[in-house]
> 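Pasting in a structure now, in structure tokens, and then I'll have a few things to ask.
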Amino acid sequence: MSDVKYILSVLVENKPGVLSRVTGLISRRGFNIDSLTVAPTEDLTMSRMTIIVDADEVAYEQLTKQLHKLVSVYKISDLTDTDAIERELVLFKVIAPPDRRHEIIEIANIFRANIVDVGKNSLTVEATGTASKLDAMEDLFRSYGIRQLTRTGKIAMSRGASDR
């Protein structure tokens, strides 16, 4: 059995210590978290965690069973093999001398990204999309020079009318 990158959407209580308990449980079982995002939902008493972990099927089953036992966990949705909406956010600070600035702006426009800051010799570009889209932008910006880069990690939500 080979490892799979599982995408979990976990609905939890929006209370202090919940994030620590969930990540502690995952790390104690020897899993590395590839990506983790967490934020309040439309119901401010709840938060949604999107967790990406590498695991084989047996270990993954054990992990989800253990997560279900946590009092603060309300629902776990496996979005791995579903038609889910997945996005990331990235900020690129690209070296942009005035004579090449228009090229970087054009790349940002092609990818429907936004210029969010202009410096004397740099542009900061904000983009959202799939990992492959953001990877492609990064490859293009590398030829200009990237001063800083930060990515949020993946967030995911099921499509359609499914609840929570």
Side-chain angles (χ1 to χ4, degrees), residues 2-28 30-55 63 76-160 164:
S2 64
D3 285 0
V4 173
K5 283 191 189 285
Y6 287 95
I7 304 169
L8 298 173
S9 177
V10 183
L11 193 62
V12 298
E13 285 182 295
N14 185 10
K15 289 186 175 178
V18 172
L19 173 62
S20 178
R21 284 192 294 279
V22 170
T23 57
L25 183 146
I26 293 169
S27 66
R28 280 192 305 277
F31 292 98
N32 184 44
I33 298 173
D34 285 358
S35 176
L36 171 68
T37 59
V38 60
T41 66
E42 68 286 350
D43 175 353
L44 297 180
T45 66
M46 307 293 278
S47 287
R48 184 171 313 279
M49 301 175 74
T50 304
I51 307 168
I52 314 293
V53 294
D54 273 329
L63 174 64
I76 301 172
S77 300
D78 182 348
L79 303 179
T80 308
D81 293 322
T82 65
D83 186 24
I85 301 163
E86 301 174 14
R87 296 291 185 271
E88 286 187 57
L89 167 69
V90 65
L91 294 172
F92 299 100
K93 187 178 290 185
V94 182
I95 297 171
D99 62 328
R100 299 203 66 198
R101 197 165 281 193
H102 68 282
E103 298 169 32
I104 296 163
I105 292 169
E106 186 61 29
I107 292 169
N109 288 338
I110 289 169
F111 284 94
R112 295 188 177 132
N114 299 308
I115 307 298
V116 294
D117 187 53
V118 178
K120 186 174 179 182
N121 287 301
S122 68
L123 291 173
T124 302
V125 179
E126 169 195 71
T128 58
T130 62
S132 60
K133 172 187 170 179
L134 301 181
D135 290 343
M137 285 184 69
E138 182 177 339
D139 287 344
L140 289 171
F141 286 150
R142 287 226 177 263
S143 65
Y144 295 92
I146 298 175
R147 285 205 175 132
Q148 289 182 10
L149 177 144
T150 188
R151 285 175 88 149
T152 60
K154 192 178 291 189
I155 58 170
M157 178 183 290
S158 60
R159 290 187 182 272
R164 290 200 178 241

> Which atom pair, heavy atoms only, marks the closest approach of Pro97 to Asn121?
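Between these two residues, the closest heavy atoms are CA-OD1, 3.9 Å.
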
> If you count every heavy atom of other residues, nucleotides or ligands that lies below 6.0 Å from Asp81 atom CG, does the total exceed 12?
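Counting neighbours around CG of Asp81, 12 or fewer heavy atoms of other residues, nucleotides or ligands fall under 6.0 Å, so no.
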
> Measuring from Ser158:OG to Asp83:CG, what's the distance to the nearest 0.5 Å?
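Between Ser158 OG and Asp83 CG, I get 10.0 Å after rounding to 0.5 Å.
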
> Would you say the side chain of Leu19 lies within less than 4.5 Å of the side chain of Met49, judging by non-hydrogen atoms?
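The answer is yes, as the side chains (C-beta and beyond) meet within the 4.5 Å cut-off.
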
> Begin with the C-alpha distance, continue with both residues' side-chain angles, and end with the deciding distance and a verdict on side-chain contact (heavy atoms from CB on, under 4.5 Å) for Ser35 and Thr50.
CA-CA 8 Å; Ser35 176; Thr50 304; over 6 Å; no

> Okay, side chain of Ser20, backbone of Gly17: is any donor-acceptor separation there less than 3.5 Å?
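Such a contact is absent between Ser20 side chain and Gly17 backbone.
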
> Is there a donor-acceptor pair closer than 3.5 Å between any side-chain N or O of Thr41 and the backbone N or O of Asp43?
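Judged by distance alone, yes, a pair lies under 3.5 Å.
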
> Checking Arg100 now: which residues fulfil salt bridge (Lys or Arg N to Asp or Glu O under 4.0 Å) with it, not counting sequence neighbours?
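Listed in chain order: Glu103.
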
> Any idea which heavy atoms bring Ser122 and Arg147 closest together, and the distance?
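Shortest heavy-atom contact: CB-NH1, 3.6 Å.
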
> Answer whether the closest heavy-atom distance between the side chains of Val118 and Ile115 falls below 4.5 Å.
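Of all side-chain heavy-atom pairs linking Ile115 with Val118, at least one is under 4.5 Å.
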
> Kindly give the heavy-atom pair with the smallest separation between Ile146 and Gln148, and that separation in Å.
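Scanning both residues completely, I find the closest heavy atoms to be CG2-O, 3.2 Å.
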
> Does the side chain of Leu36 reach to within under 4.5 Å of the side chain of Thr23, using non-hydrogen atoms?
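Yes, at least one pair of side-chain atoms sits under 4.5 Å.
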
> Ion pair present between Glu138 and Arg151, side-chain N to carboxylate O less than 4.0 angstrom?
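Salt bridge: yes.
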
> Taking all non-hydrogen atoms of both residues, which atom of Phe31 and which atom of Ala55 are closest, and how far apart?
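It is CE2-CB, 3.2 Å.
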
> Are Ile51 and Ile26 close enough, and set up right, to give a side-chain contact (heavy atoms from CB on, under 4.5 Å), and what steps lead you there?
CA-CA 10 Å; Ile51 307 168; Ile26 293 169; 4.0 Å; yes

> Quick one: salt bridge (Lys or Arg N to Asp or Glu O under 4.0 Å) partners of Glu86, sequence neighbours excluded?
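Salt bridge (Lys or Arg N to Asp or Glu O under 4.0 Å) list for Glu86, sorted by chain: Lys154.
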
> Would you check if the side chain of Asp3 reaches a backbone N or O of Asp54 as a donor-acceptor pair within less than 3.5 Å?
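Side chain of Asp3 to backbone of Asp54, a donor-acceptor pair under 3.5 Å: no, none is there.
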
> Does Ser47 reach the main-chain N or O of Val12 with its side chain, forming a donor-acceptor pair under 3.5 Å?
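Pair absent, no side-chain N/O of Ser47 close to backbone of Val12.
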
> Quick one: pull up CD1 in Ile107 and CG in Asn109 and give me the separation to the nearest 0.5 Å.
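CG of Asn109 is found 10.0 Å from CD1 of Ile107.
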
> Check whether the side chains of Ser9 and Arg48 place a donor and an acceptor atom closer than 3.5 Å, and report yes or no.
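A donor-acceptor contact under 3.5 Å links the two side chains.
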
> Using side-chain heavy atoms (C-beta onward) and a distance below 4.5 Å, is Val125 in contact with Asn114?
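The answer is no; the side chains never approach within 4.5 Å.
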
> Would you say the side chains of Asp78 and Thr80 form a donor-acceptor pair under 3.5 Å?
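Their side chains do contain a donor-acceptor pair, which is all the 3.5 Å distance test asks for.
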
> For residues 139-160, which residue pairs pass the ring-ring contact (aromatic ring centres under 6.0 Å, His included) check, not counting sequence neighbours?
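Counting only pairs at least two positions apart or across chains, the ring-ring contact (aromatic ring centres under 6.0 Å, His included) contacts touching residues 139-160 are Phe92-Phe141.
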
> Working to the nearest 0.5 Å, report the span between CD1 of Ile52 and CG of Asp34.
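If I round to the nearest 0.5 Å, the distance is 7.5 Å.
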
> Given side chains that start at C-beta, do those of Glu88 and Thr128 come closer than 4.5 Å, heavy atoms only?
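Glu88 does not reach Thr128 side chain to side chain.
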
> Below 4.5 Å, heavy atoms only, C-beta onward: do Arg21 and Val18 meet side chain to side chain?
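Side chain of Arg21 against side chain of Val18, heavy atoms only: contact under 4.5 Å found.
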
> Identify the heavy atoms of Ala96 and Ile104 that sit nearest to each other, and give their distance.
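For Ala96 and Ile104, the tightest heavy-atom pair comes out as CB-CD1, 3.5 Å.
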
> With a 4.5 Å limit on heavy-atom distance, are the side chains of Glu13 and Thr45 in contact?
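SC-SC contact between Glu13 and Thr45 ruled out.
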
> Measure the shortest side-chain to side-chain distance between Val90 and Glu126 over non-hydrogen atoms and say whether it is less than 4.5 angstrom.
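No, every pair of side-chain atoms sits at 4.5 Å or beyond.
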
> Please find the pair of heavy atoms, one from Ala127 and one from Leu134, that lie closest to each other, and give the distance.
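Heavy atoms only, the tightest pair is CB-CD2, 3.8 Å.
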
